[in-house]
Amino acid sequence: MEFLKNQKKVIRAWCMYDWANSVHNLVITSVIFPIYYHATAVNKDGGDMIQFMGFEVNNDVVYSYTLSIATLILVILSPILTSIADYSGRRKFFMKFFCYLGAASCAYFYFFTKDNITAAVIAFGLSLIGWGGSVVFYNSFLPDIVTEDRFDKVSAQGFSYGYVGSVLLLLFNLALIMKPDIFGLTQADSDSGLTSRIAFITVGIWWALFAQIPFYYLPKDQRTNKFKMSWITSGFSELRKVFNEMRTKPLLKRFLAAFFVYDMGVMTVIYVAALFADKELHIPTQGLIITILLIQLVAIPGSYLASFFSKKYGNTIALRIEIAIWATVPLAAYFCTTAEQFYVIAAVVGLVMGGIQSLSRSTYAKLIPEDTPDTASYFSFYDVCERLATALGTFLFGFIIQQSGSMRNSVLMILVLFVIGFILLIRIPSKQIYD
């Protein structure tokens with residue numbers, strides 16, 4: 001039986017997975033876990049050189065390598081698993097698997113102490129794989145639940161759900177850490193890290209609990225037969241088929257090229273903004289938390305603003321507007337010298353962060369073949385582009401710092417990426433994007 005599209009309850013349920021998983025991005029990768037990690041992943045003397053898998057390594061190196069390795073694993077696994085999922089008809093099964101892997105890994109952080117740094121770091125890597133793995137399957141459901149004319153609005157709605165949900169849990173966790181007496185705990189519990197470890201459990205519970213809503217309402221898997229080894233070879237055949245199809249679609253190839261370049265700039269800004277504020281402007285931790293909250297809150301109307309632009313001008317023109325605004329961020333950051341100036345820049349980032357991400361997702365959904373049964377495989381290529389963009393963008397940022405000795409020179413590199421991405425998007429006619 002064909003699944004009925006544009007059902008309001010299904011759309012809300014799909015958006016709830018953004019609500020469920022976005023707490024990982026905010027609490028784990030952006031705010032509480034990095035602070036707790038740097039306070040806990042130290043040696044007996046409080047130094048940065050720690051024992052990891054029998055080697056003495058700097059804790060920052062371990063952290064950054066974990067991010068890189070998890071990204072690389074996703075780049076390798078994503079196309080393979082999505083192809084198997086498309087062939088076997090078990091997309092939701094794989095989405096559940098990665099969701100529970102990520103949620104369980106976050107809950108494991110409760111046991112993260114100076115005595116089990118290695119296990120906690122491995123759990124951190126698994127949480128990243130769980131998050132990224134589940135999102136590619138989640139994204140692939142968009143063309144299945146709504147018609148093309150609603151892609152932009154629903155994609156923006158999903159991101160806004162994610163921003164609201166993640167901010168709510170972060171505020172709860174910040175209250176738990178800063179005001180433990182409200183919850184019947186003491187300041188000693190907070191100083192010892194107990195409240196932070198409880199916060200990690202809440203992330204795992206929140207993620208797994210709210211994920212039950214989309215798991216219930218999203219289209220059911222088409223096949224329920226048991227796993228067969230032939231799925232693997234058939235999955236590779238499916239991947240090759242989708243890849244060959246993509247080669248015949250010039251607009252799709254052009255968009256992925258443009259997306260890869262401008263997303264290098266976007267993801268680099270997201271990952272290094274706090275580092276820039278800390279190293280260049282010496283903004284304290286409390287100020288950084290306020291900045292992150294500001295970005296999340298401004299991103300909610302920003303997502304809908306991008307949807308408005310796409311409806312009025314077409315997708316690629318709307319993306320060019322977003323990129324043009326993004327380009328002002330590194331330019332302003334290069335000349336930024338005060339915390340107040342940085343907060344203004346952060347507000348601009350928030351305005352376009354959700355917008356460009358939601359619009360990129362919906363634009364890609366419009367470009368894949370209509371009613372294709374291989375949406376997960378198609379979205380795996382989108383996911384791979386995003387992962388590689390993150391890895392390459394952050395690598396170039398660090399490489400320029402190493403060569404020039406200046407973080408501000410790396411900031412100018414981001415500006416160049418936005419300019420190139422803007423130029424590449426010009427090759428895609430905005431009004432003919434549906435053809």
Between Val23 and Leu170, does a side-chain contact (heavy atoms from CB on, under 4.5 Å) hold up when you go through it step by step?
-> CA-CA 8 Å; Val23 295; Leu170 177 61; over 6 Å; no

Any chance the rings of Phe422 and Tyr262 have centres within less than 6.0 Å?
->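 Centroid distance Phe422-Tyr262: not below 6.0 Å, so no.
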
Determine, step by step, whether Tyr304 and Ser160 satisfy the side-chain hydrogen bond (donor to acceptor under 3.5 Å, both in side chains) criterion, reporting the C-alpha distance in whole Å, the side-chain angles of both residues, the deciding distance to 0.1 Å, and the verdict.
-> CA-CA 8 Å; Tyr304 288 106; Ser160 66; 3.1 Å; yes

Just checking, is any N or O donor in the side chain of [X] or [Y] under 3.5 Å from an acceptor N or O on the other one?
{"X": "Ser310", "Y": "Asp152", "result": "yes"}
{"X": "Asp263", "Y": "Ser360", "result": "no"}
{"X": "Asn21", "Y": "Trp207", "result": "no"}
{"X": "Ser380", "Y": "Thr82", "result": "yes"}
{"X": "Tyr378", "Y": "Glu245", "result": "yes"}
{"X": "Thr195", "Y": "Asp189", "result": "no"}

Which atom of [X] lies closest to which atom of [Y], heavy atoms considered:
{"X": "Ser362", "Y": "Leu142", "value": "CA-CD2, 4.5 Å"}
{"X": "Ile213", "Y": "Met16", "value": "CD1-CE, 4.0 Å"}
{"X": "Pro143", "Y": "Ser140", "value": "CD-O, 3.3 Å"}
{"X": "Pro214", "Y": "Ala13", "value": "CB-O, 3.2 Å"}
{"X": "Trp206", "Y": "Gly165", "value": "CZ2-O, 3.5 Å"}
{"X": "Val411", "Y": "Pro330", "value": "CG1-O, 3.0 Å"}

Between Ile270 and Gln357, is a side-chain contact (heavy atoms from CB on, under 4.5 Å) present by the stated rule, with each step listed?
-> CA-CA 12 Å; Ile270 291 173; Gln357 290 179 313; 4.0 Å; yes

Can you tell me if [X] has over 12 outside heavy atoms packed within less than 6.0 Å of its [atom1]?
{"X": "Tyr343", "atom1": "OH", "value": "yes"}
{"X": "Tyr110", "atom1": "OH", "value": "no"}
{"X": "Lys153", "atom1": "NZ", "value": "no"}
{"X": "Lys179", "atom1": "NZ", "value": "no"}

How about [X] and [Y]: do any of their side-chain heavy atoms sit closer than 4.5 Å?
{"X": "Met353", "Y": "Gln296", "answer": "yes"}
{"X": "Tyr17", "Y": "Ser134", "answer": "yes"}
{"X": "Leu281", "Y": "Cys336", "answer": "yes"}
{"X": "Met264", "Y": "Leu396", "answer": "yes"}
{"X": "Thr71", "Y": "Leu128", "answer": "no"}
{"X": "Leu367", "Y": "Lys249", "answer": "no"}
{"X": "Arg387", "Y": "Val384", "answer": "no"}
{"X": "His24", "Y": "Ser166", "answer": "no"}

According to the interplanar angle, ranging from 0 to 90°, do the rings of [X] and [Y] count as parallel (below 30°), tilted (30 to 60°) or perpendicular (above 60°)?
{"X": "Tyr382", "Y": "Phe379", "result": "perpendicular"}
{"X": "Phe124", "Y": "Phe33", "result": "parallel"}
{"X": "Tyr36", "Y": "Phe200", "result": "perpendicular"}
{"X": "Tyr138", "Y": "Trp14", "result": "parallel"}
{"X": "Phe172", "Y": "Phe183", "result": "perpendicular"}

Does the side-chain contact (heavy atoms from CB on, under 4.5 Å) test come out yes or no for Leu185 and Leu176, once each step is laid out?
-> CA-CA 9 Å; Leu185 300 171; Leu176 176 66; 3.9 Å; yes

What pairs with Arg408 under side chain to side chain donor-acceptor pair (under 3.5 Å), at least two apart in sequence or on another chain?
->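 In terms of side chain to side chain donor-acceptor pair (under 3.5 Å), with neighbours along the sequence ignored, Arg408 is linked to Glu280.
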
Checking Arg91 against Phe137: charged group under 6.0 Å from the ring centre and within 45 degrees of the axis?
->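 Negative - Arg91 is either too far from the ring of Phe137 or too far off its axis.
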
Stepwise, does the salt bridge (charged side-chain N to carboxylate O under 4.0 Å, His left out) test hold for Arg361 with Asp18?
-> CA-CA 13 Å; Arg361 177 169 66 184; Asp18 247 316; 3.7 Å; yes

Under the side-chain contact (heavy atoms from CB on, under 4.5 Å) rule, what do Phe260 and Leu424 come out as? Steps first, then yes or no, please.
-> CA-CA 10 Å; Phe260 176 74; Leu424 290 175; over 6 Å; no

